[in-house]
Amino acid sequence: MTVVTLDSKIRNDAAGLRAVKRRMTTQDLVYEQLRDALIAGKFEAGQGFTIAALADQFGTSHMPVREALRRLAAENALSIGTSGTAMVPLTSTAGLDHLGQARCVLEGAAARLAAERIDPGSIDRLKVITDVHVEALRDGASDRMLASNREFHFMIYEAAGNPVMVNLIQNLWLRYGPYVRMLSDRMTDLLIHDDGGDYSRHHVKIMEALRARDGAAAEKALMADILATQALLHEFCR
């Protein structure tokens, strides 16, 4: 297998990485930028990262980059070879299914809890985010659609009031990043043919359940959203 290094594959603007300026929090800032880029699907499965290339890109020494990569490897978001090169995990149908099962359990439970706690103002905010999501779908804007999707989901999970659960969900989304990249690579064409609004209907059902404070319905609708995306990704993992 050929490892594509950051030197030849990624430019500064491709993943939105920025030079780090705050010296005392360099390691955390490098970690956060890489984590956010991975969650957003900015990197391809199998893509490699050299410490030297990342340090140059961030404008830092090697040490904070090395430690950030170790943290991400500990979270199973990256693997690190004997040469020190980090790599985004490869995708597979089995890996997709395992992540999907875990997401349904955790995120479904978070939606059920959120239905008991979420306030009307937050639900109104979810409606605004959903409108952005629908608009992005109509425009075929995959990046905007995926960003609004993340905002929608994590606003619900935060409303559950369980930071441990939110942290676990964040880790699952971090490991889901290569599949998000796979989806984003094909999403523009899919959205153009989505005349029926299939990719937004689950969000509407989730909101309806939250407004009704129906935890079981919120859990069911959120799990249906995850499973619909999983079914779509199965077509690409073949």
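All values reported here derive from a predicted model rather than from experimental measurement.
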Validation row: [X], [Y] side chains within 4.5 angstrom (heavy atoms):
{"X": "R181", "Y": "S184", "answer": "yes"}
{"X": "E67", "Y": "Y31", "answer": "no"}
{"X": "Q27", "Y": "V30", "answer": "no"}
{"X": "I156", "Y": "F152", "answer": "yes"}
{"X": "D97", "Y": "H234", "answer": "yes"}
{"X": "C104", "Y": "L227", "answer": "yes"}
{"X": "H133", "Y": "L126", "answer": "no"}

Exercise. Hey, is R71 close enough to D28 for a salt bridge, meaning N to O under 4.0 Å?
Worked result: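 D28 and R71: salt-bridged.
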Exercise. Run the side chain to side chain contact (heavy atoms under 4.5 Å, CB included) check on F49 and Q57 step by step: do they pass?
Worked result: CA-CA 11 Å; F49 304 83; Q57 189 161 355; over 6 Å; no
Does the [X] side chain pair with the main chain of [Y], one donor and one acceptor, at a distance under 3.5 Å?
{"X": "R175", "Y": "A77", "value": "no"}
{"X": "R213", "Y": "I118", "value": "yes"}
{"X": "Y176", "Y": "L99", "value": "no"}

Exercise. What residues form a side-chain contact (heavy atoms from CB on, under 4.5 Å) with A94, not counting sequence neighbours?
Worked result: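 A94: side-chain contact (heavy atoms from CB on, under 4.5 Å) contacts with S92, H98.
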Exercise. Looking at CG of L96 and CE of M182, how far apart are the two atoms once the value is rounded to the nearest 0.5 Å?
Worked result: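 Rounded to the nearest 0.5 Å, the CG-CE separation comes out at 8.0 Å.
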For this session: Decide yes or no on side chain to side chain contact (heavy atoms under 4.5 Å, CB included) for R125 and E151, but give the supporting numbers first.
Result: CA-CA 10 Å; R125 174 59 187 160; E151 185 178 5; 2.7 Å; yes
Exercise. Checking side chain to side chain contact (heavy atoms under 4.5 Å, CB included) for the pair V88/L78: CA distance, chi angles, key distance, verdict?
Worked result: CA-CA 5 Å; V88 179; L78 296 173; 3.9 Å; yes
Problem set entry | Derivation of the side chain to side chain contact (heavy atoms under 4.5 Å, CB included) call for L34 and K42 | CA-CA 9 Å; L34 287 173; K42 298 296 184 181; over 6 Å; no
For this session: Decide whether L54 and I80 are clustered together by the hydrophobic rule: side chain heavy atoms of Ile, Leu, Val, Met, Phe, Trp, Tyr closer than 4.5 Å, transitively.
Result: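 Yes, L54 connects to I80 through the hydrophobic network.
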Exercise. With sequence neighbours excluded, what pairs up with Y157 under the ring pair (Phe, Tyr, Trp, His ring centres under 6.0 Å) test?
Worked result: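 Y157 satisfies ring pair (Phe, Tyr, Trp, His ring centres under 6.0 Å) with H153, F154 only.
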